[in-house]
Amino acid sequence: MANIAMLGSGFIARFYADSIVGQRSRDSIVTVYSRREESAKKFADDYKVAFQTTDMEAAIARPEVDVVCISLPNNLHEAAVNLCCKHKKAVICTKPLGRNAEEAKRMLEAVEKAGIFHGYLEDLVYTPKFLKALQSVQEGALGRILWAKSRETHPGPHSEWFWDKEQAGGGCILDLGCHCVEIGRSFIGKDIKPIEVMCWADTQVKPIDAEDHAIGLVKYENGAIGQFEVSWTFRGGLDLRDEVMGSEGTIWLNNFLRTGFDMFTTGKGADYVAEKAESNSGWLFPVGDELNDLGYNHMFTDMFNAMENGGQARETFYDGYVVNAILDAAYKSAASKQWEPVKLDIWRGQEGLSKAKTLTDYNDQYYLVKEEMTHFGAKKLILKDKSTGQIIEQTV
């Protein structure tokens with residue numbers, strides 16, 4: 001059983017709270033901190049939390065607290081983590097870990113020096129569809145992974161601080177790209193080193209200083225490519241899609257927006273439909289179980305089970321740091337219009353990999369380019385001569 005101090009009382013804190021109190025049915029939120037007293041009181045009333053405060057350290061230091069859940073604006077993460085280290089409290093932190101890699105690195109080094117449990121709350125690598133897809137990839141169903149693409153787009157975040165570049169640290173690249181990059185890393189292999197990033201970003205619609213739309217490519221040491229598409233300008237709701245292509249197969253995932261649940265309503269009596277939904281009338285795309293479909297249940301189960309068993313969560317502050325380093329390179333590339341290297345002062349994966357061999361032997365003379373069955377029943381082979389490089393075809 002985990003006794004949790006919740007730091008934050010807004011949109012994501014309530015998503016977290018709904019999952020925490022409902023999934024394992026033995027964890028409880030015992031204290032809540034909010035910057036606004038009325039918000040702390042409302043959260044405490046709604047979730048029957050015994051202690052509420054506007055003093056962050058007071059919430060963390062209480063003796064009954066086992067683990068601190070950080071669901072605060074990005075600029076407050078490091079201060080909260082440092083207080084957890086001071087009071088030797090396990091800590092789990094919402095995404096992104098930091099506003100940049102330097103912040104994330106300091107937090108990683110702090111929790112490791114303090115010897116406390118740390119988990120990175122990246123819910124989208126815990127969705128049921130993702131977990132099943134990842135299992136298939138890890139079991140070799142797709143062969144060698146060549147390309148992993150992840151898309152998250154919607155009309156923009158809920159709270160005012162997201163739109164402030166200083167508090168948030170960036171725009172949609174940081175807010176949404178952190179999800180997409182970690183999804184890509186997971187499919188390609190989290191021990192495969194990201195080398196460089198090419199990114200386009202712009203502010204197309206919103207009256208803000210940060211970017212509201214971006215597309216990026218992440219090149220990995222083994223030759224694989226990760227791709228992210230993120231936007232705060234997409235109209236129509238929350239769109240979450242992933243694609244994975246390997247040498248032996250392909251996976252397409254649609255996690256939100258178009259998942260097989262379509263509904264039409266005039267809007268009479270309608271209220272909340274789904275996260276980031278823009279309307280409650282017309283054709284709508286509800287989600288059967290948002291907490292489960294967005295990965296929150298599996299995420300907290302993993303975190304608390306790992307903590308109780310003295311192990312490590314699937315997602316830790318180290319993962320958050322690597323993601324921040326990749327996104328730093330994306331921001332540099334968006335400004336320079338060039339490929340920019342990923343700067344990783346801490347790397348714990350494989351080193352010195354090279355692009356995998358792509359040549360398949362057909363016989364001593366030829367490489368196999370392609371094999372197919374024609375519409376008239378014959379097998380056709382496309383072959384490359386090993387000596388001359390000539391491409392030929394044979395019908396068998």
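Side chains are part of it too, since the values below use all heavy atoms of this structure and drop only hydrogens, waters and symmetry mates.
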We want to know whether [X] and [Y] form a side-chain donor-acceptor pair, criterion being a heavy-atom distance below 3.5 angstrom.
| X | Y | value |
| --- | --- | --- |
| Gln350 | Asp191 | yes |
| Gln312 | His118 | no |
| Asp242 | Ser150 | yes |
| Asp212 | Ser231 | no |

| field | Centroid-centroid under 6.0 Å between Phe15 and Tyr296 rings | value |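 Yes, ring centres under 6.0 Å apart.
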| Do His154 and Phe234 have ring centroids that are under 6.0 Å from one another? |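 No, the ring centres sit 6.0 Å or more apart.
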Does any N or O in the side chain of [X] come within less than 3.5 Å of the main-chain N or O of [Y], such that one atom is a donor and the other an acceptor?
| X | Y | answer |
| --- | --- | --- |
| Tyr321 | Glu102 | no |
| Glu221 | Ile192 | no |
| Lys89 | Arg62 | yes |
| Asn3 | Val65 | no |
| Tyr331 | Leu174 | yes |
| Lys219 | Pro341 | no |
| His77 | Pro96 | yes |
| Glu122 | Gly320 | no |

| said: Could you work out, with salt bridge (Lys or Arg N to Asp or Glu O under 4.0 Å) as the rule, every residue matching Lys42, not counting sequence neighbours? | reply: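 Once residues adjacent in sequence are excluded, the partners of Lys42 under the salt bridge (Lys or Arg N to Asp or Glu O under 4.0 Å) criterion are Asp46.
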| request: Applying salt bridge (Lys or Arg N to Asp or Glu O under 4.0 Å), name anything that partners Lys129, two or more places apart in sequence or on another chain. | output: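 Lys129: no salt bridge (Lys or Arg N to Asp or Glu O under 4.0 Å) contacts found.
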| field | Tyr126 vs Asp302, side-chain hydrogen bond (donor to acceptor under 3.5 Å, both in side chains): CA-CA, chis, key distance, verdict | value | CA-CA 9 Å; Tyr126 287 97; Asp302 175 56; 2.6 Å; yes
Locate the shortest heavy-atom distance separating [X] from [Y]; write the atom from each residue and the value.
| X | Y | answer |
| --- | --- | --- |
| Val67 | Val91 | CG2-N, 4.2 Å |
| Glu211 | Ile173 | OE2-N, 2.9 Å |
| Leu238 | Leu257 | O-CB, 3.2 Å |
| Leu72 | Thr94 | O-CG2, 4.2 Å |
| Glu229 | Thr153 | O-CG2, 4.2 Å |
| Leu83 | Met56 | CD1-SD, 3.8 Å |

| task | Take Lys95 and Asp175 through the salt bridge (charged side-chain N to carboxylate O under 4.0 Å, His left out) test and state the conclusion after the steps. | result | CA-CA 8 Å; Lys95 62 80 197 173; Asp175 178 37; 2.7 Å; yes
Report yes if the side chains of [X] and [Y] come closer than 4.5 Å at any heavy-atom pair, otherwise no.
| X | Y | answer |
| --- | --- | --- |
| Val32 | Tyr47 | no |
| Tyr318 | Leu97 | no |
| Leu121 | Cys93 | no |
| Phe317 | Ile92 | no |
| Val21 | Asp27 | no |
| Ile145 | Val244 | yes |

[X]: partners by side-chain hydrogen bond (donor to acceptor under 3.5 Å, both in side chains), with sequence neighbours left out:
| X | result |
| --- | --- |
| Tyr120 | none |
| Gln390 | none |
| Gln167 | Asp164 |
| Asp289 | none |

| query | Which residue pairs pass the ring pair (Phe, Tyr, Trp, His ring centres under 6.0 Å) test with at least one member in residues 161-207, sequence neighbours excluded? | reply |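 Qualifying pairs, neighbours excluded: Phe130-Phe187, Trp163-Trp232, Trp200-His213.
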| said: Does Arg151 form a salt bridge (charged side-chain N to carboxylate O under 4.0 Å, His left out) with Glu243? I'd like the steps, not just the answer. | reply: CA-CA 9 Å; Arg151 168 188 173 92; Glu243 299 179 34; over 6 Å; no
Side chains of residues 364-371: which donor-acceptor pairs under 3.5 Å do they make with residues two or more places apart or in other chains?
unit_1: Gln365; atom_1: NE2; unit_2: Asp385; atom_2: OD2; d: 3.1
unit_1: Lys370; atom_1: NZ; unit_2: Glu372; atom_2: OE1; d: 3.4
unit_1: Glu371; atom_1: OE2; unit_2: Lys379; atom_2: NZ; d: 3.4

| Can Asp239 and Arg258 be said to form a salt bridge (charged side-chain N to carboxylate O under 4.0 Å, His left out), step by step? | CA-CA 8 Å; Asp239 186 13; Arg258 299 308 299 267; over 6 Å; no
| message | My understanding is that only residues two or more places apart in sequence, or in another chain, count here; which of them pass side chain to side chain contact (heavy atoms under 4.5 Å, CB included) with Ala40? | response |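 Applying side chain to side chain contact (heavy atoms under 4.5 Å, CB included) to Ala40 gives Ser34, Gln52.
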| request: With sequence neighbours left out, write down each residue that passes side chain to side chain contact (heavy atoms under 4.5 Å, CB included) with Leu131, or none if nothing qualifies. | output: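 Here the qualifying residues are His298, Arg314.
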| Any salt bridge (Lys or Arg N to Asp or Glu O under 4.0 Å) pairs touching residues 65-85, not counting sequence neighbours? |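 Counting only pairs at least two positions apart or across chains, the salt bridge (Lys or Arg N to Asp or Glu O under 4.0 Å) contacts touching residues 65-85 are Glu78-Arg106.
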| Taking only residues at least two apart or on different chains, which pairs with a member in residues 317-339 satisfy salt bridge (Lys or Arg N to Asp or Glu O under 4.0 Å)? |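 For residues 317-339, and leaving out neighbouring residues, the salt bridge (Lys or Arg N to Asp or Glu O under 4.0 Å) pairs sorted by first residue read Arg185-Asp319, Lys190-Asp319.
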